[in-house]
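These notes are about the structure you will find just below.
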Amino acid sequence: MAITDSSPRPRILVAGCGKLGGAIATRLLSRADVFGLRRNPGQVPDGVTGIGADLTRQDTLAGALPSHLDVVIYCLTPSRYDDAGYRAAYVDGLANLLSALKHSGNGPLHRLFFISSTSVYAQDDDSEVNEDSPTEPRRFSGRCVLEGERLALGSGHPATVVRFSGIYGPTRGRFLEEVMAGRLAPTAPAPYSNRIHEVDAARVVEHLATLALGGQTLAPVYVASDNEPVRLDVVVDWVRGEVPCAPPAEDAHTGGRAGSKRCSNQRLRDTGFVFNYPNFRAGYREMISALS
């Protein structure tokens with residue numbers, strides 16, 4: 001639906017209104033009526049209409065969804081980091097939501113967004129990957145995420161998958177803490193790493209949802225990662241030069257666990273998106289400044 005002065009406000013459901021979903025919902029409040037679905041609806045951000053349901057339990061969704069939805073953003077994260085947890089979050093939960101949408105009186109959506117991950121890539125040779133690169137994940141987590149992507153794209157609703165690289169920021173500071181405590185000391189040259197600041201992650205979905213509501217055509221998949229893939233040891237060395245850090249511990253971790261690839265965000269930038277935090281230095285410098 002193209003947004004005009006005379007149009008009713010769009011109606012958006014953020015299914016999985018946790019840390020990232022809540023940030024997305026908040027950013028969309030100025031342009032839409034936003035509903036946030038989570039187990040505890042009292043924890044959705046101010047201004048968002050809470051819906052209490054468990055996406056992994058189909059019975060809790062019966063009669064819970066609002067009608068006349070324009071956009072649904074599926075943004076669930078696993079409650080357990082094993083095969084069953086990932087399958088429940090990325091496959092079963094989405095299947096339950098799609099079934100509930102079908103029975104709630106909602107017609108075809110203007111757009112279904114599925115929040116995904118670059119874990120669907122298994123490349124480990126420093127190569128550049130984009131939306132058209134092979135997706136052959138070796139870990140159960142990536143396989144479940146990829147199955148969820150395919151379910152969303154085959155749902156019968158116009159759908160877009162957003163593949164985020166590692167999200168970091170003020171509420172996700174574990175990496176910075178690990179470096180400062182001496183628990184991370186990768187050997188050079190370390191694998192390439194890819195990341196996106198949490199503010200930009202929410203802005204990406206806001207940007208794409210706004211384009212969809214404005215009637216613009218979206219691609220089925222976007223990679224959402226900042227402008228500078230960089231080797232992990234380069235990031236660690238830079239942090240150690242910016243803030244006092246403990247010496248590397250004897251048992252410090254020496255490498256990453258997500259292969260070695262360089263994520264290209266060109267398709268996303270071609271939509272007009274501009275990063276507030278185009279590289280790791282912009283994001284971590286702000287976080288380090290906040291420490292003092």
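These numbers come from a predicted model, not from an experiment.
The main-chain N or O of E228 is never found under 3.5 Å from a side-chain atom of N279 such that the two would form a donor-acceptor pair. With K102 contributing its side chain and G107 its backbone, the two residues share no donor-acceptor pair below 3.5 Å. With hydrogens and angles disregarded, a donor-acceptor distance shorter than 3.5 Å links the side chain of N265 to the backbone of S225. With hydrogens and angles ignored, the 3.5 Å screen pairs no side-chain donor or acceptor of D251 with any backbone N or O of R183. Side-chain atoms of E198 come within 3.5 Å of backbone atoms of T171 as a donor-acceptor pair (strictly under, hydrogens ignored). T60 places a side-chain N or O within 3.5 Å of a backbone atom of D54 that can act as its donor or acceptor partner. Counting only distance, with no hydrogens or angles, the side chain of S165 and the backbone of R195 share a donor-acceptor pair below 3.5 Å. Checking side-chain atoms of N130 against main-chain N and O of S133 turns up a donor-acceptor pair under 3.5 Å. Of the possible polar contacts, none joining the S99 side chain to the A95 backbone as a donor-acceptor pair under 3.5 Å is found.
Sequence neighbours left out, not one pair with a member in residues 235-249 passes side chain to side chain donor-acceptor pair (under 3.5 Å).
Hydrophobic clustering (side-chain heavy atoms under 4.5 Å, transitive across Ile, Leu, Val, Met, Phe, Trp, Tyr) groups L291 together with Y168.
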Distance-only donor-acceptor hits, side chain of residues 147-159, under 3.5 Å, sequence neighbours excluded:
residue	atom	partner	partner atom	Å
E147	OE1	R87	NH1	3.1
E147	OE1	R87	NH2	2.9
E147	OE2	R87	NH1	3.1
E149	OE1	R163	NE	3.4
E149	OE1	R163	NH2	2.8
E149	OE2	S116	OG	2.6
E149	OE2	R163	NE	2.9
S155	OG	A152	O	2.8
S155	OG	H157	N	3.2
H157	ND1	L109	N	3.1

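H197 and Y277 have parallel rings, their planes meeting at less than 30° on a 0 to 90° scale where 60° marks the start of perpendicular. Ring pair F273/F275 is perpendicular by interplanar angle, where above 60° counts as perpendicular and below 30° as parallel.
Note on R231 versus D233: no salt bridge recorded, every NZ/NE/NH1/NH2 to OD/OE distance being 4.0 Å or above. Contact check on R11 versus D70 returns no salt bridge, with no Lys/Arg side-chain nitrogen under 4.0 Å from an Asp/Glu carboxylate oxygen.
In terms of heavy atoms, V34 sits closest to V14 at CG1-CG2, 4.2 Å.
Taking OG of S141 as the reference point, atom OH of Y90 lies at 8.5 Å (rounded to 0.5 Å). Once rounded to the nearest 0.5 Å, the distance linking CZ of R27 with NE2 of H207 reads 12.0 Å. Rounding to the nearest 0.5 Å gives a distance of 6.5 Å between NZ of K261 and CG of N194. In this structure, R38 CZ and N40 CG are separated by 6.5 Å, a value rounded to the nearest 0.5 Å.
Side-chain atoms of S119 and R139 include no donor-acceptor pair closer than 3.5 Å.
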